[in-house]
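Working notes, structure below.
The analysis underlying the following values was restricted to heavy atoms, covering all of them including side chains, and did not include hydrogens, waters or symmetry mates.
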Amino acid sequence: MSLKNVFLCWVSLFSGSLAHAASFESSKFDRVMLSSYSDLLRDAASAYGSKRFDKAFELFQRSACAGDKQSQSALGRMYLLR
């Protein structure tokens, strides 16, 4: 996902404006089904621990866009340490 898409994700998460969020193309946001949510977080943490940062970033990004605060924090740390 490009930096622009990440920015759009963050804007929609924190804007609080449904009208603004609805103006984005829904294809840019990935739905995370509840049944796979814990698997996604576990896989992201495992990839990060194994220093597979590209995979960890991708997985944290999916769950962050779904609203997970810990994943949002992890993405922020990854951007800062980049």
Could you tell me which non-hydrogen atom of [X] sits nearest to which non-hydrogen atom of [Y], and how far apart they are?
X   : Y   : result
A64 : Q72 : O-NE2, 3.2 Å
Q61 : L75 : CA-CD1, 3.6 Å
M78 : A56 : CE-CB, 4.3 Å
L41 : D68 : CD2-OD2, 3.6 Å

Note to self: Checking the side chain of S46 only, and the main-chain atoms of R42 only, is there a donor and an acceptor separated by less than 3.5 Å?
What the structure shows: no

Item checked: Side-chain (S63) to main-chain (F60) donor-acceptor, under 3.5 angstrom -> yes

Notebook entry, point to check: How far does CG of L59 sit from OG of S71, to the nearest 0.5 angstrom?
Noted result: 9.0 Å

Notebook entry, point to check: Between F57 and Y79, does the ring centroid distance fall short of 6.0 Å?
Noted result: yes

